[in-house]
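Notes to accompany the following structure.
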Amino acid sequence: MLTLPVEAWIGNAAAVVSGAWGTVTRRSEQSGYSRTAIYQHAERVVQAVANEQVTGIRYEALWAEHERLKVENEALWQAWAQTEDLHESKQRELASAGAAMGLSLTQIGVLLTIILPRRLVPSRATVGRWVKQSAQQSRGILKVLDRACQRFVLALCLDEIFFHREPILMGVEPRSLAWLEAQRGPDRSGESWAKVIANWPSLEHVIADGGQGLERGVKLANAARLQAQEPEAPRPALITMGLDVFHTEREVERVLQRLWKGVERQIETAVKADGRVSQVKRHGQDSRGVAGCAGRAWAQAERRFDEAVQAQEAVAQIHEALGWFEASGHLYSRERAQAQLDEASGQLQGECWSKAKRMLKDRRTLSHLDRLHAHLNLAVPELMLRDALVQVWYWSRLLKRSQGDDRVRLQEMVVLEQVLCGRLCSDWREDYVKVDELLREAVRASSAVEGVNSVVRMHQGRHRHVSQEMLDLKRLYWNCRVFREGQRKGHSPYELLGLKLPPLDWWQLLQMNPQELEQKLLTQQVRL
């Protein structure tokens, strides 16, 4: 802000700029300013004029920009004043979503501190009450959704996970990764598993790790179906059980790794024995005794190495037999796959392989082939056409991953099989769609439930206690969330399962009345 008249500044500057002798002195006597002040005023006036002449932002433009930013700043402060009091429903949504994703109450409080003024941040106890209320609401919503999902669930991957020594009975539909069961306790007996399986009347196939409780649960569920059968009604479809290939392969790999570690230790022992031989020779002593020990150590190392190599070749053969296709592109039959497993098991020597051999001889190990062949037979009854369609699917899959000369060769294989299909049936493409769907959705391992278990374990690490209501909240959030990557990208588990939900997000779904939700689902089914 100026404290001197503009005329005084300009007069002082004129006295200096004129350059006449004595002008500055006379100006000092007239105005009452010192000579130093007059020279300072002149310098500032000259600088101001020079700045005004330079091309660029003018003073008026700067002042207008200042006024605009001042108005914008006031508007922003007003908007912040309106939004700083974040609505309680949004705070509840954030807290519930955070808990469903595995955050602790303390971590949720930290997030609320970032977006809210400190005076408005809810206490930890308040956040806990919000989460508990949402968890309790989720139970009623899930009961309605589970009933709506029953007709879509034909296969389930079952397993248990432990929270502080208490089992959680888990069930995941493998194709959609829909998390359909998370029953807390009381145990993992056959009776408990039978109650879980009874929730899914359309269930046809169970994939599990071969636990005694699970096996007994499937038997009890089948017995209950037979008992509920009316006298003249047709025999109900019984639930088949497949021994999980995931655990079988992991057991085989575990033993193989142990063998190779034994080989490494024996080689280290033989190397140390050679070192002792060299030491004895340097001292001029008789080395025949230690040399004999070293020779025996190397002989044992060679024997263990040969056993490990033989076991590794057998394991590779086992992995191939537990797959779907032979190297020739033909779908494995149970007889062919079992013969290959028996041949490979015969090469596995030692007690360490006893558990793996029992799993490989178990008839349930290859039940995935029985199930797939049964579905293919129903979809395409003609044997030659079915085999040709399977060949087209197999070579087409390899073609997508091939390059160079292999790609040309595979293209020729696909064309030849398509020509064969065309000669066998003019409408072969319709049958191919059925075969493609069956082969893409075929399941042989319970890795789906293992993947969900790994997520739950991370949640468990942040929660001291995970109640049944909290499990329900996590399960509802999981099934409504949209996958961001992978082959299921852009779809939620419920959507992939086939359940048509109202166009609402998971939080709006949670706020609905269960009866209202059930009515909407029934209305949609009638329209379909």
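If you're wondering where the values come from, they're calculated on a predicted model, not measured in any experiment.
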Surrounding CD of Glu485 (heavy atoms of other residues, nucleotides or ligands, distance under 6.0 Å), is the total greater than 12?
no
Among Gln487, Arg488, Lys489, Glu495, side chain to side chain donor-acceptor pair (under 3.5 Å) partner for His491
Glu495
So among Glu173, Glu181, Gln150, which one has a side chain to side chain donor-acceptor pair (under 3.5 Å) with Trp200?
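With Trp200 as partner, side chain to side chain donor-acceptor pair (under 3.5 Å) holds for just one option, Glu181.
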Would you say that [X] contacts [Y] through its side chain, given a criterion of any heavy-atom pair below 4.5 Å between the two side chains?
{"X": "Leu439", "Y": "Trp324", "result": "no"}
{"X": "Gln511", "Y": "Gln137", "result": "yes"}
{"X": "Lys195", "Y": "Gln183", "result": "no"}
{"X": "Leu510", "Y": "Leu473", "result": "yes"}
{"X": "Val218", "Y": "Leu158", "result": "no"}
{"X": "Pro502", "Y": "Leu521", "result": "yes"}
{"X": "Val456", "Y": "Trp179", "result": "yes"}
{"X": "Cys157", "Y": "Asp244", "result": "no"}

Keeping the roles fixed (side chain from [X], backbone from [Y]), state whether a donor-acceptor pair exists under 3.5 Å.
{"X": "Arg175", "Y": "Glu441", "value": "no"}
{"X": "Thr113", "Y": "Arg118", "value": "no"}
{"X": "Arg444", "Y": "Leu322", "value": "yes"}
{"X": "Gln136", "Y": "Gln133", "value": "no"}

Could you check whether [X] pairs with [Y] (Lys NZ or Arg NE/NH1/NH2 to Asp/Glu carboxylate O, under 4.0 Å)?
{"X": "Glu251", "Y": "Arg254", "value": "yes"}
{"X": "Asp146", "Y": "Arg475", "value": "yes"}
{"X": "Glu430", "Y": "Lys434", "value": "no"}
{"X": "Lys261", "Y": "Glu264", "value": "no"}
{"X": "Glu65", "Y": "Arg68", "value": "yes"}
{"X": "Glu88", "Y": "Arg92", "value": "yes"}

Nearest atoms (heavy-atom pairs only) where [X] meets [Y]:
{"X": "Ser367", "Y": "Leu243", "value": "OG-N, 4.1 Å"}
{"X": "Ala221", "Y": "Ile239", "value": "CB-CD1, 4.2 Å"}
{"X": "His205", "Y": "Met241", "value": "CE1-C, 3.9 Å"}
{"X": "Glu469", "Y": "Ala135", "value": "O-CB, 3.4 Å"}
{"X": "Val131", "Y": "Ala95", "value": "CG2-O, 3.7 Å"}
{"X": "Ser192", "Y": "Pro186", "value": "OG-CD, 4.1 Å"}

When rounded to the nearest 0.5 angstrom, what is the spacing between [atom1] in [X] and [atom2] in [Y]?
{"X": "Met470", "Y": "Lys474", "atom1": "CE", "atom2": "NZ", "result": "6.0 Å"}
{"X": "Ser96", "Y": "Trp130", "atom1": "OG", "atom2": "CH2", "result": "9.5 Å"}
{"X": "Gln411", "Y": "Leu399", "atom1": "CD", "atom2": "CG", "result": "5.5 Å"}

Are [X] and [Y] close enough that a side-chain donor and a side-chain acceptor fall under 3.5 Å?
{"X": "Trp393", "Y": "Asp436", "value": "yes"}
{"X": "Ser454", "Y": "Arg457", "value": "no"}
{"X": "His375", "Y": "Glu437", "value": "no"}
{"X": "Gln468", "Y": "Asp472", "value": "yes"}

Using salt bridge (Lys or Arg N to Asp or Glu O under 4.0 Å), reason through Lys90 and Glu93 one step at a time and then give a plain yes or no.
CA-CA 5 Å; Lys90 280 295 181 183; Glu93 182 180 356; 3.4 Å; yes
